[in-house]
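Note that this is a predicted model, so its numbers are computed, not measured. We're numbering straight along the sequence, starting at 1.
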Amino acid sequence: MSLRNLKELTIIAKEAFSKMFLVAKSLCFLHVTNTHVFTVASLYGPSMLPTFNLTGDWALAERFSHKLGKVGAGDIVILKSPVEPRKIMTKRVMGVEGDSVTYVVEPKNSDRTETIVVPKGHIWVEGDNIYNSKDSRNFGAVPYGLLRGKMLWKIWPPKDFGYIGKKEQNS
């Protein structure tokens, strides 16, 4: 191998290392952004009808306001399931610690309601479709530590693109 070939290989290796370093930095940036700033959530299932469709909706969620205590009644959040920790759920916050929440116990069978005061460090979440949602009515108030983000924008399908605001609560 000649000196000229060695110089060419060195130049190629330096350029390849430079490109790989750029790719690694980009992937680290995406990871930090997805973990701590914003994430795209793929939504499916009947529990949030009519806000989200059965399949195929995507939404942008921010991941910092729940850490700052900026989640309130009416917000749509993503959270870990308290029953199945590997499952991520999308629900609407009905009450935060200290709030009094009245809910229908068995919406399919009766109109019987109960009222609960949300304990400290917890939130009460329900799906918009109360007839087909596993939520706080089934497993109780959810620890604040299970929150993973707050929904901001519906981004797919394009016809539904837009801001996801708070839903007015019935009092």
Answer whether the closest heavy-atom distance between the side chains of [X] and [Y] falls below 4.5 Å.
X	Y	value
Trp124	Ile116	yes
Ile78	Met151	yes
Leu54	Leu49	yes
Ser136	Val118	no
Arg92	Ile76	yes
Arg63	His36	no
Ser47	Met89	no

Take atom CG in Asp111; do more than 12 heavy atoms of anything else shown fall under 6.0 Å from it?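 Not buried by this count: 12 neighbours or fewer within 6.0 Å.
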When rounded to the nearest 0.5 angstrom, what is the spacing between [atom1] in [X] and [atom2] in [Y]?
X	Y	atom1	atom2	value
Asp99	Ile123	CG	CD1	11.0 Å
His122	Leu146	NE2	CG	8.5 Å
Ser42	Asp57	OG	CG	8.5 Å
Asp160	Trp58	CG	CH2	14.5 Å
Leu6	Thr10	CG	OG1	4.5 Å

Between Met94 and Tyr103, does the side chain to side chain contact (heavy atoms under 4.5 Å, CB included) criterion hold? Intermediate values first, please. CA-CA 9 Å; Met94 302 307 284; Tyr103 63 97; over 6 Å; no
Least distance between heavy atoms, [X] atom then [Y] atom:
X	Y	result
Val101	Gly95	CG2-CA, 3.9 Å
Tyr131	Pro107	CE2-O, 3.4 Å
Lys91	Gly127	CD-N, 3.9 Å

Check the hydrophobic clustering (I, L, V, M, F, W, Y; side-chain heavy atoms under 4.5 Å; chains of links allowed) and say if [X] and [Y] are grouped together.
X	Y	value
Tyr163	Val93	no
Tyr144	Val142	yes
Val71	Met48	no
Leu79	Phe139	yes
Leu68	Leu147	no

Side chain to side chain contact (heavy atoms under 4.5 Å, CB included) partners for [X], two or more places apart:
X	answer
Thr113	Thr102, Val104
Asn138	Lys134, Asp135
Glu84	Ser81, Lys87
Glu62	Phe38, Phe64, Ser65, Lys150, Leu152

Side chain [X], main chain [Y], donor-acceptor under 3.5 Å:
X	Y	answer
Arg137	Ile130	yes
Thr35	His31	yes
Ser26	Leu22	yes

With sequence neighbours excluded, what pairs up with Phe161 under the ring pair (Phe, Tyr, Trp, His ring centres under 6.0 Å) test? Trp153
With a 3.5 Å cut-off and no angle check, do the side chains of Thr51 and Lys154 form a donor-acceptor pair? no
Would you please name every residue forming a salt bridge (Lys or Arg N to Asp or Glu O under 4.0 Å) with Arg86, sequence neighbours left out? none
Determine whether Lys108 and Glu106 satisfy the following criterion, salt bridge (Lys or Arg N to Asp or Glu O under 4.0 Å), listing intermediate values before the conclusion. CA-CA 6 Å; Lys108 291 180 181 177; Glu106 293 181 38; over 6 Å; no
